[in-house]
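Whatever order the structure lists them in is the order used to number ligands and atoms, beginning at 1.
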Amino acid sequence: MSEFNKLAEAVFKGDIKSVKAITQSLVDSGANVDEIINKGLLGGMDIVAPKFKAGEMFVPEVLRAAKALGNGMELLKPLLGDDNAGTRQAATFVIGTVAGDLHDIGKNLVTLILESSSFKVIDLGVDVSPQRFVDAIKEHEPHFIGLSALLTTTMMAMKDTINAISAAGLRDKVKILVGGAPISQEFADEISADAYCADAIAAKEIAVQMIA
Ligand code: B1M
């Protein structure tokens with residue numbers, strides 16, 4: 001079994017000690033950080049997903065896996081290099097998972113990648129109401145709003161959020177980026193978001209392009 005597979009397996013098992021040890025040993029051996037994230041840490045969630053769907057894994061076990069993944073990401077955070085920090089120092093990003101939705105692993109990953117690229121990120125957490133996004137725009141005057149949704153039932157809360165931002169007269173003050181497993185480019189267009197982000201790296205790259 002490769003070290004990446006061992007790391008994925010440790011995430012799946014929620015074995016924090018092994019996740020930290022294998023992540024560190026991959027770093028020490030010079031492995032590519034993107035590969036450690038994608039093949040190792042997120043590879044673990046790829047094992048979790050079908051088992052959770054099939055009812056073979058339950059919420060506490062999934063949360064343990066998520067926690068283990070987070071511990072691995074924390075070790076990698078200082079290594080997520082910044083290629084062009086100067087241009088982004090003033091760019092603020094308000095991010096949150098929309099109302100009714102408690103999934104935050106993807107959002108946290110996006111936050112980590114953005115912070116590592118010198119964006120100032122204000123994370124509103126999960127189950128964030130449209131009004132809280134509106135209030136955050138008024139308070140922080142961000143360049144970007146990031147909306148995350150993982151459930152087909154909460155996708156429409158993205159639309160509600162964008163409508164609330166428009167109704168508050170703030171739509172032209174922010175770029176709205178959306179992401180999450182059920183989200184697509186078509187859906188982003190339908191709800192008049194400014195961009196769809198397939199993953200955390202895409203979110204960073206799109207935001208960088210928008211402020212260039
Ligand atoms: Co949930 N869950 N879950 N869950 N869960 C899904 C989403 C599901 C597809 C599993 C399944 O049945 N196949 C299914 C949704 C089905 C549907 O809607 N059609 C589901 C369900 C049904 C539920 C519950 C209803 C289960 C229940 O209680 N009966 C419940 C809902 C709770 C709620 O939110 N109200 C629930 C609960 C949970 C847990 C609490 C156990 C846990 C969440 C823990 C946590 O987040 N702290 C959980 C998990 C872990 C999952 C799966 C297994 C994994 C999600 C994940 O973290 N993926 C998931 C199955 C799946 O997605 N295949 C599932 C890894 C993560 C890195 O990827 O979030 O896609 P992702 O993020 C990516 C991109 O999408 C993008 O970048 C990220 C990194 O590259 N991205 C953005 C995401 N947000 C972005 C925002 C941006 C930009 C990019 O803004 C700029």
Side-chain angles (χ1 to χ4, degrees), residues 8 11-12 14 33-73 76 80 91-117 119 121-129 133 136 142-158 161-162 165 174-185 187-188 191 193-211:
V11 168
F12 159 61
V33 176
D34 286 353
E35 281 196 319
I36 302 177
I37 295 173
N38 290 325
K39 291 190 187 168
L41 297 173
L42 293 181
M45 291 314 289
D46 289 341
I47 307 175
V48 169
K51 292 194 182 293
F52 181 53
K53 186 176 182 181
E56 291 165 16
M57 263 182 106
F58 300 100
V59 173
E61 296 161 301
V62 177
L63 290 178
R64 263 201 301 279
K67 195 170 174 195
L69 183 151
N71 273 265
M73 282 303 299
L76 298 179
L80 292 164
T92 302
F93 213 111
V94 164
I95 195 165
T97 303
V98 296
D101 200 320
L102 302 176
H103 295 85
D104 67 358
I105 300 170
K107 169 190 68 65
N108 294 346
L109 198 55
V110 174
T111 299
L112 214 57
I113 299 281
L114 288 170
E115 283 177 343
S116 310
S117 303
F119 285 90
V121 185
I122 292 140
D123 183 354
L124 301 180
V126 297
D127 190 16
V128 181
S129 69
F133 279 107
H143 300 73
F144 299 100
I145 292 288
L147 305 178
S148 182
L150 264 287
L151 299 170
T152 45
T153 48
T154 58
M155 287 165 70
M156 291 319 284
M158 284 186 165
T161 304
I162 295 177
I165 293 169
V174 286
K175 295 282 184 205
I176 302 179
L177 276 52
V178 295
I183 309 303
S184 62
Q185 183 63 57
F187 182 72
I191 62 171
D194 291 298
Y196 161 64
C197 310
D199 55 38
I201 303 290
K204 181 200 94 172
E205 286 174 353
I206 290 168
V208 166
Q209 273 173 17
M210 283 180 167
I211 53 166

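Distance check on atom 17 (C) of ligand 1: some protein heavy atom falls below the 4.0 Å cut-off. Protein heavy atoms are absent from the 4.0 Å sphere centred on atom 9 (C) of ligand 1. For atom 44 (C) of ligand 1, the protein comes within 4.0 Å by at least one heavy atom. The nearest protein heavy atom to atom 75 (O) of ligand 1 is closer than 4.0 Å.
Residues Thr161 and Ile145 are not in side-chain contact: their nearest non-hydrogen atoms beyond the backbone lie 4.5 Å or more apart. When side chains are defined from C-beta on, Leu147 counts as touching Phe133, because their heavy atoms get closer than 4.5 Å. With a 4.5 Å cut-off on side-chain heavy atoms, Glu61 and Phe12 do not count as touching. The shortest side-chain heavy-atom distance between His103 and Thr154 does not fall under the 4.5 Å cut-off.
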* For the pair Phe144 and Ile211, evaluate side-chain contact (heavy atoms from CB on, under 4.5 Å) and give the outcome as yes or no after the intermediate values. => CA-CA 10 Å; Phe144 299 100; Ile211 53 166; 3.6 Å; yes

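Among Gly44, Gly179, Pro182, the residue whose heavy atom sits closest to atom 87 (C) of ligand 1 is Gly179. Distances from atom 81 (N) of ligand 1 to the heavy atoms of Ala195, Gly106, Gly180 put Gly180 nearest. Of the listed residues (Thr152, Leu102, Ile95), the one carrying the non-hydrogen atom nearest atom 19 (N) of ligand 1 is Thr152.
Any protein N/O/S atom under 2.8 Å from atom 1 (Co) of ligand 1 was counted, giving 1 altogether.
Residue Leu63 touches ligand 1 through its side chain alone, judged by heavy-atom distances below 4.0 Å. At a heavy-atom distance under 4.0 Å, only side-chain atoms of Val110, from C-beta outward, approach ligand 1.
Close approach to Asp199 involves these atoms of ligand 1, each under 4.0 Å from a residue heavy atom: 76 (C), 77 (O), 80 (O). Residue-ligand proximity, Ala181 to ligand 1, at heavy-atom distances under 4.0 Å covers atoms 70 (O), 75 (O).
Of the listed residues (Val128, Val110, Leu114, Thr111), just one forms a side chain to side chain contact (heavy atoms under 4.5 Å, CB included) with Asp123, and that residue is Thr111. Between Ile95 and the options Asn108, Leu124, Val121, a side chain to side chain contact (heavy atoms under 4.5 Å, CB included) holds for only Val121.
Residue-to-ligand polar distances place Gly100 within reach of ligand 1: an N/O pair is separated by less than 3.5 Å.
Between the CD1 atom of Ile36 and the CE atom of Met73 there is a distance of 10.0 Å, given to the nearest 0.5 Å.
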